[in-house]
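In what follows, a single structure is set out as C-alpha cells and then discussed.
Below, read A as the first sequence line, B as the second, and so on, with proteins coming before strands; counting in each chain starts at 1.
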There are 2 protein chains.
Amino acid sequence: MKYVEKLRKSGLRPTKQRLQICEVLFDREETFHFTINQLEQKIKNQINGKISLATVYNTVHAFEKKGYLKQIPINSNQTYFDTNVTDHHHFYDLKDEKLIDLDDSDVGPIKILKKVNGKKIKSVEVLVKLED
Amino acid sequence: MKYVEKLRKSGLRPTKQRLQICEVLFDREETFHFTINQLEQKIKNQINGKISLATVYNTVHAFEKKGYLKQIPINSNQTYFDTNVTDHHHFYDLKDEKLIDLDDSDVGPIKILKKVNGKKIKSVEVLVKLED
DNA sequence: ACACTTCTTTAGAATAATTATAAACTACAT
DNA sequence: ATGTAGTTTATAATTATTCTAAAGAAGTGT
C-alpha cells in the first residue's frame with residue numbers, strides 16, 4: 001500500500017480505516033472538496049463494511065494537523081475541507097453549494113498593504129461567490 | 001427615533017427590540033463585527049430588560065435579508081456578521097478571534113480571469129489570516 | 001509467538017449553534 | 001375599538017461537532 005509509509009512517516013499508524021480514507025481522498029486526479037458527511041458517504045459506498053463517523057472526524061482532523069488537508073473558509077452549516085493544501089483560491093457556487101478551484105494564474109497577485117502590530121500573515125484566501 | 005422610518009421603509013415593524021438592536025448595531029463610528037452571542041451580550045448590557053435569543057437571531061436574519069448586515073465567510077464555530085455591507089476584505093486574527101476591516105486601498109485590485117459557464121460573480125472577498 | 005504499552009476505533013452521550021413551534025403580544029389599518 | 005398580520009418569546013427540536021470510556025489493533029521488546 002502506497003499510503004502505509006506516508007502515514008507512518010507522519011507518526012500515524014496505518015490502520016485499515018485510515019488507508020480506506022486515504023484512497024477516497026487522494027486516489028484521484030483532481031482536487032477534492034468535501035464536507036465530513038460527504039466524505040462519510042463516499043467511504044461507505046467504496047468499502048464493504050462500516051466506519052464510524054467519529055473515525056472520519058478523527059482522521060480528517062489528524063490529516064489536517066499533518067498538513068494533508070486544509071479547511072476552506074466558507075459560511076456554510078458544514079465545514080469544507082480540501083485535498084489541495086497549496087495556497088489557492090475558490091469559486092463557491094451558491095446555488096449548487098459547490099466549490100471550484102482557482103489556480104494562481106486565474107487570479108492576479110494580491111497585495112496586502114496594511115500591517116498589524118506584532119502579527120504576521122499566515123494566509124491570503126480569496127472566495128468568489130457565484131450566482132446564476 | 002431615527003430608525004423607525006428606516007425599518008418601516010423596509011417593511012419591518014419598528015418594535016422596541018428592533019430599535020434597541022439598531023442602536024447597538026448602527027450607533028457607532030466604526031464597522032461592527034460580531035457573532036450572535038456577542039450581540040446578545042451587548043444588548044443585555046445596554047438595555048434594562050430582557051431580550052430573547054430567538055429575537056436576536058430573527059432580527060439579524062431579517063436585517064441581513066434587507067441588506068443591512070452581511071455574513072463574513074470564516075470557519076469559526078460561530079457565524080460572524082458585519083455592519084459594513086460594502087464589498088471589502090478582512091484580517092482575521094486567529095489568536096484573538098477578531099476581525100479587522102481592510103479597505104480597498106489596503107488591498108490591490110483583484111482580477112478574476114476564470115469564467116464559469118452560466119454563472120456570474122456575486123462577490124469577491126479576501127480573508128487574510130493573522131498569526132503571532 | 002507472547003506480553004505489554006500505546007494508539008485507534010467505536011457507539012453513544014454531551015455540547016453548542018441554530019432553527020422550529022406555537023402561544024401571547026403588539027403594531028397598524030379600518 | 002376591532003381585527004389581522006407581523007413579532008416576540010420560552011422552549012423544544014435539530015444538527016454539526018466533540019467527548020468519553022471501553023474494546024480492539026499496531027508497534028516494540030523479549
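An OP1 or OP2 oxygen of C:dT9 is reached within less than 4.0 angstrom by a side-chain nitrogen or oxygen of A:Thr15. When the side-chain nitrogen and oxygen atoms of B:Tyr57 are compared with OP1 and OP2 of C:dT19, none of them lie within a distance under 4.0 Å. Taking side-chain N and O atoms only, A:Gln17 has a distance below 4.0 Å to OP1 or OP2 of C:dT10. A:Ser52 has a side-chain polar atom (N or O) that falls below the 4.0 Å cut-off from OP1 or OP2 of C:dA11. A close approach under 4.0 Å does occur between a side-chain nitrogen or oxygen of A:His61 and OP1 or OP2 of D:dT18.
One interatomic measurement links the two molecules: NZ of B:Lys65 to P of C:dT19, which rounds to 12 Å at whole-angstrom precision. Taking atom NZ on B:Lys16 and atom P on C:dC25, their separation rounds to 13 Å, with Å as the unit. Here the C1' atom of nucleotide D:dG24 and the CZ atom of A:Arg13 are 11 Å apart, to the nearest Å. Between the CZ atom of B:Arg8 and the C1' atom of D:dA5 there is a distance of 16 Å, rounded to whole Å. Distance B:Lys9 NZ to C:dA27 C1': 19 Å, rounded to the nearest Å. Separating the CD atom of B:Glu64 from the P atom of C:dT18 is a distance of 12 Å, rounded to the nearest angstrom. Between the CG atom of B:Leu39 and the P atom of C:dT18 there is a distance of 12 Å, given to the nearest Å.
Of the listed nucleotides (D:dT11, D:dT8, C:dT9), C:dT9 has the atom at the smallest distance from the side chain of A:Thr59. For B:Leu12, counting side-chain heavy atoms from C-beta on, the closest listed nucleotide (D:dA16, D:dT7, C:dG12) is D:dT7. Set against C:dA27, D:dC19, D:dT17, the side chain of B:Pro14 has C:dA27 as its closest nucleotide.
Across the helix from C:dA1-D:dT30 to C:dT30-D:dA1, the helix axis at one end is tilted relative to the axis at the other end by 30° (nearest 10 degrees, each axis from five pairs).
At a cut-off of 3.5 Å, with distance as the only test, a side-chain donor of A:Tyr68 or A:Ser10 sits close to an acceptor on the other residue.
Checking side-chain atoms of B:Asp106 against main-chain N and O of B:Asp103 turns up a donor-acceptor pair under 3.5 Å. Not one N or O on the side chain of A:Thr55 forms a donor-acceptor pair closer than 3.5 Å with the backbone of A:Ile51.
A:Lys119 is listed as a side-chain neighbour of B:Asp96, based on a closest heavy-atom distance under 4.5 Å.
With respect to the salt-bridge test (charged N to carboxylate O, under 4.0 angstrom), the residues A:Asp93 and B:Lys122 do not qualify.
Where A:Leu53 and B:Gln78 meet DNA chain C, the nucleotide closest to each residue was compared, and A:Leu53 sits on the side nearer the 5' end.
Here the CG atom belonging to A:Asp87 is positioned 5.0 Å from the NZ atom belonging to A:Lys70, to the nearest 0.5 angstrom.
The base of D:dT7 is not paired with the side chain of B:Arg18 by any donor and acceptor separated by under 3.5 Å.
The aromatic rings of B:Phe26 and B:Tyr3 sit tilted relative to each other, their planes meeting at an angle between 30° and 60°.
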